[in-house]
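Order of appearance sets the numbers: ligands from 1, and atoms from 1 within every ligand. Residues take their numbers from the sequence shown, with the count starting at 1. For clarity, every value in this text was computed on a predicted model and none was experimentally measured.
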Amino acid sequence: MDKLLIQGGARLDGEIRISGAKNSGLPILAATLLAEGPMHICNLPHLNDITTMLALLRCMGVDITIDEKMCVETNTEPMREFTAPYELVKTMRASILVLGPMLARFGEANVSFPGGCAIGSRPVDIHLRGLEAMGATVEVDQGYIRARCDGRLKGAHFFMDTVTVGGTENLVMAAALAEGRTVLENAAREPEVVDLCLCLEAMGAKISGIGTATLTIDGVETLKGCTYKVMPDRIETGTYLVAAAATGGRVKLKDTRADILESVILKLEEAGAEITCGDDWIALDMKGKRPKSVNLKTAPYPAFPTDMQAQFTAMNAIAEGVGTVTETIFENRLIQVHELNRMGANIALEGNTAMITGVKQLKAAPVMATDLRASASLVIAGLVAEGDTLVDRIYHIDRGYECIEEKLQLLGANIRRVPG
Ligand code: EPU
């Protein structure tokens, strides 16, 4: 198993391009199941999770072609199989996103029940209750969710008692082909949900309230294929900004957007970074300074994203002062703290809060990645640590960061992939 070897100490300095967003590419690929006629999706990142979603579509019979720039053409014409098998779902929970579109279009969907993962139990009860509210029958049999509907799903008024990104996405896709009006209340407002809705609109869906907590969808009989460019990855953007800030460096990130990163940019400014932005770029300059500690609490968009929590915990570990980080979305998402402490960090955990007393210097150690964003935090820690850090189980990082070592090398980091 490959590992990442990082020799700490280099101040990041340079320019890189940000990839398309994994978390909007995945639902948009699932949405291709709704289209009559070919769909062209571009700016998809070349990541394991995207490959898994393509494999899932292919195993259901979707015809897929792909070019060297990760532009994907899908055609659902030959589709005959309505099952998302355990073998694929177990490797990627986001496979649940095919449930809503498959049911809405074909009246039948069998999706292996996704289990919990390292960061929490991650139930899908809201996805299922929303589909039932639209008239589906849903049962769980031999580890599979089996959903059926007679004719089209029916529009419904549904209140989601927790803000859920995937739940909102599944239900919007289902509602797009339902008969009549669906109103989804307490919907997620994450930019990835907006990106999916814009793609659905381009396919002919009728959605209002995009970007707000109330989505109103007037179902249409058919959706057509379209060409759609996936938005930039805000979490990849944020991760490189934090990596540069932690090293006292400066970066310019191109092909990205500042408007979807406001809470993250504010925290970086609080940490002492100078940030400038254009329409499609963000630059950060730390001017060689050590960051100042920040306090933060994760919450649904537009508040601070859970997917950026681990990276800020790593930055706080070497910052000046004491910072508290509270995780409110997932019950076990502060796991990286134990590995950071092995590198000399001073972090005390109390429930869902980490109290981080910044130290001047972390020390390299062999560390183990436990999930995607925790891995990113270990890479950041490795960049600022004294000595050679070896990060194990980097298959987690390959799920969410396209060419991470090449991009960090471009910024001047001493990082390379070594065979395990
Ligand atoms: N929840 C329920 N019931 C449900 C669905 C969710 O109780 O039916 C709870 C979850 O247990 C969690 C909270 O609601 O406590 C939020 O979960 P959500 O459904 O929003 O998460 P998700 O859709 O499974 C997506 C991203 C995650 C990101 C979260 C939160 C994708 C593919 N994944 O997951 O991304 O952390 O939203 O923003 O979009 C990552 O990229 O590293 C990652 C984990």
Side-chain angles (χ1 to χ4, degrees), residues 19-31 44-45 47-50 52-53 56 89 91-100 111 113-133 138 145 158-173 184 186-196 213 230-231 233-239 260 263-264 298-311 327-336 352 369-377 395-402:
S19 303
K22 165 179 85 81
N23 288 351
S24 86
L26 291 171
I28 286 171
L29 284 174
L44 283 164
L47 295 171
N48 287 353
D49 276 9
I50 295 290
T52 304
M53 183 58 91
L56 183 56
V89 179
T91 66
M92 188 186 67
R93 299 187 80 267
S95 310
I96 188 73
L97 293 170
V98 301
L99 179 66
V111 178
F113 208 116
C117 74
I119 62 176
S121 59
R122 307 186 74 176
V124 291
D125 55 314
I126 300 169
H127 304 230
L128 305 188
R129 275 191 279 121
L131 294 174
E132 281 172 339
V138 178
I145 299 164
F158 187 67
F159 178 85
M160 287 179 269
D161 47 20
T162 302
V163 177
T164 154
V165 173
T168 304
E169 291 166 346
N170 237 333
L171 298 180
V172 171
M173 290 188 277
L184 299 175
N186 201 26
R189 289 177 283 165
E190 267 65 6
E192 294 76 15
V193 175
V194 171
D195 208 30
L196 169 67
V230 171
M231 64 180 263
D233 196 311
R234 68 189 164 110
I235 306 301
E236 190 198 21
T237 307
T239 301
I260 48 177
S263 59
V264 170
T298 65
Y301 190 84
F304 191 89
T306 174
D307 289 344
M308 284 303 303
Q309 174 266 106
Q311 300 87 321
E327 170 61 47
T328 74
I329 306 288
F330 293 110
E331 58 273 30
N332 195 26
R333 218 181 191 183
L334 284 163
I335 19 178
Q336 76 283 3
N352 63 344
T370 41
D371 82 283
L372 171 55
R373 309 304 170 187
S375 323
S377 80
Y395 52 84
H396 291 294
I397 219 161
D398 292 331
R399 299 178 62 163
Y401 293 93
E402 190 177 46

Per-residue contact class, Leu372 against ligand 1 - non-hydrogen pairs under 4.0 Å: side chain
Met92 contact mode with ligand 1 (heavy-atom cut-off under 4.0 Å): neither
Against ligand 1, does Val163 come closer than 4.0 Å with any heavy atom? yes
Distance col, row Asp125:CG vs Thr164:OG1, nearest 0.5 angstrom, shows 9.0 Å
Distance, nearest 0.5 Å, that separates CE of Met92 from CG of Leu56: 6.5 Å
Ranked by distance from atom 21 (O) of ligand 1, the top protein heavy atom is Phe330 CZ, 3.9 Å
Distance col, row Leu171:CG vs Leu99:CG, nearest 0.5 angstrom, shows 9.0 Å
Rounded to the nearest 0.5 Å, how far does CG of Leu196 lie from CG of Leu26? 11.0 Å
Atom 33 (N) of ligand 1: which of Leu128, Asn23, Leu97 has the nearest heavy atom? Asn23
Check whether any side-chain N or O of Asn170 sits under 3.5 Å from a backbone N or O of Gly100 as a donor-acceptor pair, and report yes or no. yes
What protein heavy atom is closest to atom 41 (O) of ligand 1, reported as residue, atom name and distance in Å? Arg373 NH2, 2.7 Å
Of Pro123, Ala21, Ser121, which has the heavy atom at the shortest distance from atom 5 (C) of ligand 1? Pro123
Look at the side chain of Gln309 and the backbone N and O of Arg333, then say whether any donor-acceptor pair between them is shorter than 3.5 Å. yes
Which residues pass the side-chain hydrogen bond (donor to acceptor under 3.5 Å, both in side chains) test with Asn186, sequence neighbours left out? none
At a 4.0 Å threshold, what atoms of ligand 1 neighbour a non-hydrogen atom of Val124? 4 (C), 8 (O)
Contact (N/O only, under 3.5 Å) between Leu26 and ligand 1: no
Identify the closest protein heavy atom to atom 27 (C) of ligand 1: which residue and atom is it, and at what distance? Asp307 OD2, 3.9 Å
Only heavy atoms of Lys22, strictly under 4.0 Å: list the atoms of ligand 1 that pass. 40 (C), 41 (O)
Heavy-atom contacts under 4.0 Å between Arg122 and ligand 1: side chain, backbone, both, or neither? both
d(Asn48 CG, His396 NE2) to nearest 0.5 Å is 11.5 Å
Under 4.0 Å, heavy atoms only, figure out whether ligand 1 is touched by the backbone of Val165, its side chain, both or neither. both
Contacting atoms of ligand 1, where contact means under 4.0 angstrom from a heavy atom of Thr306: 30 (C), 36 (O), 38 (O)
Protein contact to atom 3 (N) of ligand 1 [nearest heavy atom, distance to 0.1 Å]: Asp125 OD1, 2.7 Å
Do me a favour and list the nearest non-hydrogen protein atom to atom 14 (O) of ligand 1 with residue, atom name and distance? Thr162 CG2, 3.4 Å
Is Glu331 reaching over with its side chain to a backbone N or O of Glu327, donor-acceptor style, under 3.5 angstrom? no
Nitrogen or oxygen atoms of Ile329 and ligand 1 under 3.5 Å apart: yes
Nearest protein heavy-atom contact for atom 8 (O) of ligand 1: which residue, which atom, what distance? Ile126 N, 2.8 Å
For ligand 1, which part of Tyr301 has a heavy atom less than 4.0 Å away: the side chain, the backbone, both, or neither? neither
Polar contact flag for Ile119 and ligand 1 (N/O pairs, less than 3.5 Å): no
Could you tell me whether Thr164 approaches ligand 1 through its side chain, its backbone, both or neither, with non-hydrogen atoms closer than 4.0 Å? both
Hey, could you give me each pair passing side-chain hydrogen bond (donor to acceptor under 3.5 Å, both in side chains) that has a residue in residues 20-29? Not counting sequence neighbours. Ser24-Asp195
Check ligand 1 against Gly166 and write out every atom of the ligand that is under 4.0 Å from a heavy-atom position of the residue. 19 (O), 23 (O)
Counting from 1 in the order shown, the ligand 1 atoms closer than 4.0 Å to a non-hydrogen atom of Arg333 are 36 (O), 40 (C), 42 (O), 43 (C), 44 (C)
Do side-chain atoms of Asn332 reach the backbone of Gly120 as a donor and acceptor pair under 3.5 angstrom? no
Pair Arg93 + Asp49: basic N to acidic O under 4.0 Å: no
Verify, without hydrogens or angle tests, whether Ser19 (side chain) and Glu402 (backbone) share a donor-acceptor contact under 3.5 angstrom. no
Considering both backbone and side-chain atoms of Glu169, is one of its nitrogen or oxygen atoms within less than 3.5 Å of a nitrogen or oxygen in ligand 1? no
Inter-residue atom distance Thr162.OG1 - Met160.CE, 0.5 Å rounding: 10.0 Å
